[in-house]
Amino acid sequence: MIKSETLARNSAINIIGNITPLIFGAVAMPFIIKGLGVARFGVLSLAWGVIVYFGFFDFGIARASTKFIAEFAATGDKKNVSAMFWTSGALQLILGVLAGLFVFAAAPWVTAAAFKIPPEILGETELAFKVLALALPAALLSSGFKSVL
């Protein structure tokens with residue numbers, strides 16, 4: 001059984017770990033906006049939104065993996081822990097590649113028609129979305145791997 005002191009300590013560490021990036025982000029944000037300019041910062045915000053949106057492309061695989069791997073590990077079933085890890089990783093990778101292909105294909109339309117991107121940064125915005133599309137498989141896969149920890 002977990003002692004209440006251990007639970008409180010671990011909860012505090014978890015809260016601090018979630019709040020610390022928010023504090024650094026709040027301090028850094030004005031400098032980022034000043035350095036990039038408002039239009040480029042808007043593009044960065046759109047890219048962040050795409051990453052969050054396609055994080056939902058996980059379809060709950062990461063949470064399900066956490067549940068089943070914990071159950072298998074509790075019973076000492078190493079074979080099924082390994083099978084669950086690799087199966088969920090493969091599914092995450094496939095979904096990430098599909099999401100990446102979609103974003104890569106949509107990048108020209110998104111940058112030219114869906115948003116009012118200033119003409120002077122249109123080319124770099126399309127390139128940024130294509131690079132982001134290449135990173136989506138890794139982002140989804142890392143989410144799945146994090147759930148296993």
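As a basis for the values below, the full set of heavy atoms in this structure was taken, side chains included, without hydrogen atoms, waters or symmetry mates. Quantities reported herein were computed from a predicted structural model and do not represent experimental measurements.
Interatomic distance, CG of Leu141 versus OG of Ser88, reported as 8.5 Å (0.5 Å rounding). A distance of 7.0 Å separates CG in Leu122 from CD1 in Ile117, rounded to the nearest 0.5 Å. In this structure, the separation between OG on Ser11 and CZ on Arg9 is 11.0 Å, given to the nearest 0.5 Å. Distance CG/Leu136 to CD1/Ile51: 6.5 Å, rounded to 0.5 Å. The distance from atom CZ of Arg40 to atom OG1 of Thr125, rounded to the nearest 0.5 Å, is 8.0 Å. Note that CD1 of Ile19 and CG of Asn14 are 10.0 Å apart. Values are rounded to the nearest 0.5 Å.
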Apply the test side chain to side chain contact (heavy atoms under 4.5 Å, CB included) to residues Leu46 and Val50: give CA-CA distance (whole Å), side-chain angles for both, the deciding distance (0.1 Å), then the verdict. CA-CA 6 Å; Leu46 288 172; Val50 167; 5.6 Å; no
List the steps and the verdict of side chain to side chain contact (heavy atoms under 4.5 Å, CB included) for Leu36 and Leu44. CA-CA 9 Å; Leu36 290 176; Leu44 177 62; 3.8 Å; yes
Between Ile61 and Leu95, is the side chain to side chain contact (heavy atoms under 4.5 Å, CB included) condition met? List the steps. CA-CA 10 Å; Ile61 294 170; Leu95 290 172; 3.5 Å; yes
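Linking ILVMFWY side-chain heavy atoms closer than 4.5 Å, directly or via other members, places Trp86 and Leu93 in a single hydrophobic cluster. By the rule that hydrophobic residues join a cluster once side-chain heavy atoms approach within less than 4.5 Å of another member, Tyr53 and Val110 end up as members of one cluster. Trp109 and Val103 fall within a single hydrophobic cluster, where Ile, Leu, Val, Met, Phe, Trp and Tyr side chains are chained together by heavy-atom contacts under 4.5 Å.
Shown here are the side chain to side chain contact (heavy atoms under 4.5 Å, CB included) partners of Phe102, two or more places apart in sequence or in another chain: Phe54.
For the pair Asp77 (side chain) and Ala73 (backbone), a donor-acceptor distance under 3.5 Å is absent. Remark: side-chain polar atoms of Thr20 are not paired, donor with acceptor, to backbone N or O of Gly17 under 3.5 angstrom. For Thr87 (side chain) and Met84 (main-chain N/O), no donor-acceptor pair under 3.5 Å exists by modelled atom type. For the pair Ser82 (side chain) and Lys79 (backbone), a donor-acceptor distance under 3.5 Å is absent.
When side chains are defined from C-beta on, Leu22 does not count as touching Asn18, because their heavy atoms never get closer than 4.5 Å. Contact annotation: the side chain of Phe129 never approaches that of Phe104 to less than 4.5 Å [non-hydrogen atoms, C-beta and beyond].
Ring geometry for Phe41 against Trp48 counts as perpendicular: the plane angle is over 60°, on a 0 to 90° scale with 30° as the lower cut.
The minimum heavy-atom distance between Ile121 and Ala39, with the atom names listed, is CD1-CB, 3.8 Å. Minimum interatomic distance between Gln92 and Ala62 (heavy atoms only, all atoms of both residues): NE2-N, 3.6 Å. Taking both residues in full, the closest heavy atoms of Gly96 and Leu140 are given as CA-CD1, 3.3 Å, listed atom of the first, atom of the second, then distance. Looking at every heavy atom in both residues, Thr111 comes nearest to Pro108 through OG1-O, 3.2 Å.
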